[in-house]
Amino acid sequence: MRIAIVDESGLRATILEEGLREAGFDDIHVVAPTGAFVARIERLAPDVVLMDLGTPSRDTLEEMLLVSKALARPIAMFVDESDDMMIGAAIDAGVSAYVVDGLRKERVKPILELAVRRFNAFAGLRAELEEARSALADRKKIERAKIILMESRNMPEAEAYALIRSTAMNQGRRIVDVADAIVTAADLIGGRA
Amino acid sequence: MIPVAATFVPLTDSAILIAAHRLGFAAEAGIDLTLMRERSWATVRDRLLYGQVQVAHLLAPLALAVTLGIGHPAVALAAPFKLGMNGNALTLSSELAAALDPVARNRVDDPVATAHDLAAAIGLHRRKPILGIVHRYSSHALTLRYWLGFAGIDPDRDLQLRVLPPSAMVEALAAGEIDGFIAGEPWSSVAVEEGLGEIVAFTSNIWGRSVEKVLAMREDWAEANPDTVDRLLRALDRAAAWCEDPANAAELAAMLSDPEVIGEPAHLIERALAGRMALSRGGEIVDSPDFLMLHREAANFPWRSQALWIYSQFVRWKFVAPNPAAEARAARLFRSDIYRRALAGGATPLPGASLKVEGALAVPTGAGSDRGTLTLGPDRFFDGRIFDPVDIEAYLRSFKMA
């Protein structure tokens, strides 16, 4: 079974491809949804196309699937009315799938379920990365604010941090927001902005 | 508050939904409206069909395709409220536009001559022209096909129609992937402003009162939640009246220019809202008050005859085989009954009929309504054809003879 993965995210495509290979599928092609990607898919003539639901190029792909004369068997969006739950889960996870006409449901189902799991895993991973990235940025900002206070008011580090924290508590703001205000003010006054 | 989730596509005619949300019309009607932006119509369709959202800003022909089950298992949709009339423009690359009348405004004013000029230019172009459309089942595609067909251009043979999301048209034109496109605003104005192309036709000059986007929902959801639907329609009616008022055009344009809505400059968005279109960069401004209509002349009323016109074009272009069941289904897509139920006793006049002959009005004409204050503007098709919904077969025969 030939599977095409259309995806902008290299990482997500990799995660999905790995999962499919582990499940025993080996004819997998990753295509970025840019330029003449539709012509590439037409040439590949896959049995299943997996695609990020939110990709703007979906309308372009669906049009090709509808009118292509090169594809021996038409491909339609995988919608089996008896299985709304699975489609709902796919849409929630941001997966859209297209399969060739006549492909049995039992053969498609594990692929779709795997795609849903991997898309969800990727979304979780991205949220974690985002969190870690913003935590790092926050720490750097607080560090700079501390240094500004230490230099300008000649106070030790612990005291500088305590001042930021108590200001935040008194004003009902987040520590990082107070730090941000200090850094912005210092940049403006110091002429570095 | 009743929660209702809606999708919209970044286009000027998402205005009514955006205003209903941001100006509190929805909240005043007891609706907690949340909006989700999507760039592909396929995703709008999927979110609507699988219940992630209850209502959607949708292409009227796509609502019909879903209802008839073209390329997809059929799911009955209901469209009780149109989100506007007209509003699309055809933009051609400067190179292709140069083959038409040198006076830009003559092109939009005379769609007959422009269609013939374009027909002559196609064979001389360095390649078979590629025109971007937003969807196979879009009013844009149907209007373009109708206009090209008049000049003897076979849109499936003489040129290539390529489907692209509206917001991707400008980039595709810049990259030379397409030679022009038909899309809702502000995308033509953005292309014009970047000097990539020139507007050569307004859909409002091809069909004076053309059917465009609708508020679509699953029919089963609409039947199960009549109170929610009525509240939502009342909110949208008030929002539409606000959006239509020229005094609000600048504020509305600013609202739509938000990066989370359309994300293009307000002065470009305002052109369609004010009906003052620039056809080329730095060129003359053309007054076209009917370019986009959001509320006046019962713009939101879902005339069943307009759904039937879409059906007639589906048959004409062989998207569907003619059959009485599909015709009946098409007539039922536009729910003038729900519109009337929701807006009964309000300020907006309700037409007395649900069907009309489309394209028959050459001058503003009074129409029967509950309050006798409804005037419908000229709704002519540019070729003078008249669509009588009771005899679609005869209408379709007239195209074959031409």
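These figures come from a predicted structure and were not determined experimentally. By convention in this document, chain letters (A, B, ...) are assigned in the order of the sequence lines, proteins followed by strands, and residues within each chain are numbered from 1.
- Chain A forms more heavy-atom pairs under 4.5 Å with one residue of B:L161, B:V163, B:V134 than with any other, namely B:V163.
- Proximity to chain A is limited to the side chain of B:R45, based on heavy atoms less than 4.5 angstrom apart.
- For CG of B:D154, the number of neighbouring non-hydrogen atoms (other residues, nucleotides, ligands) closer than 6.0 Å is greater than 12.
- Taking CZ from B:R136 and CD from A:E62, the interatomic distance works out to 12.0 Å, rounded to the nearest 0.5 Å.
- Smallest separation of non-hydrogen atoms from A:P56 and B:P165: O-CG, 3.3 Å.
- No part of B:F319 comes within reach of chain A, as not one of its non-hydrogen atoms sits under 4.5 angstrom from that chain.
- Residue-environment remark: CE (A:M169) stays at or below the threshold of 12 foreign heavy atoms within 6.0 Å.
- Counted within 6.0 Å of NZ on A:K140, heavy atoms from surrounding residues, nucleotides or ligands total 12 or fewer; the atom is thus considered open.
- More than 12 heavy-atom neighbours from other residues, nucleotides or ligands sit within 6.0 angstrom of CZ on A:R173.
- Around CZ of B:R127, the count of heavy atoms belonging to other residues, nucleotides or ligands within 6.0 Å exceeds 12.
- Of the charged side-chain nitrogens involved, none lies within less than 4.0 Å of a carboxylate oxygen, so that B:E38 and A:R58 do not count as a salt-bridged pair.
- Of the inter-residue distances, the one linking A:I91 atom CD1 with B:L49 atom CG reads 7.5 Å to the nearest 0.5 angstrom.
- Each of A:D59, A:T55, A:V38, A:T60 has some count of heavy-atom pairs under 4.5 Å with chain B, and the biggest count is that of A:D59.
- For B:E171, the CD atom is loosely surrounded, since the number of other residues' heavy atoms within 6.0 Å does not exceed 12.
- By the 4.5 Å heavy-atom criterion applied to side chains, B:R47 and A:L53 are counted as neighbours.
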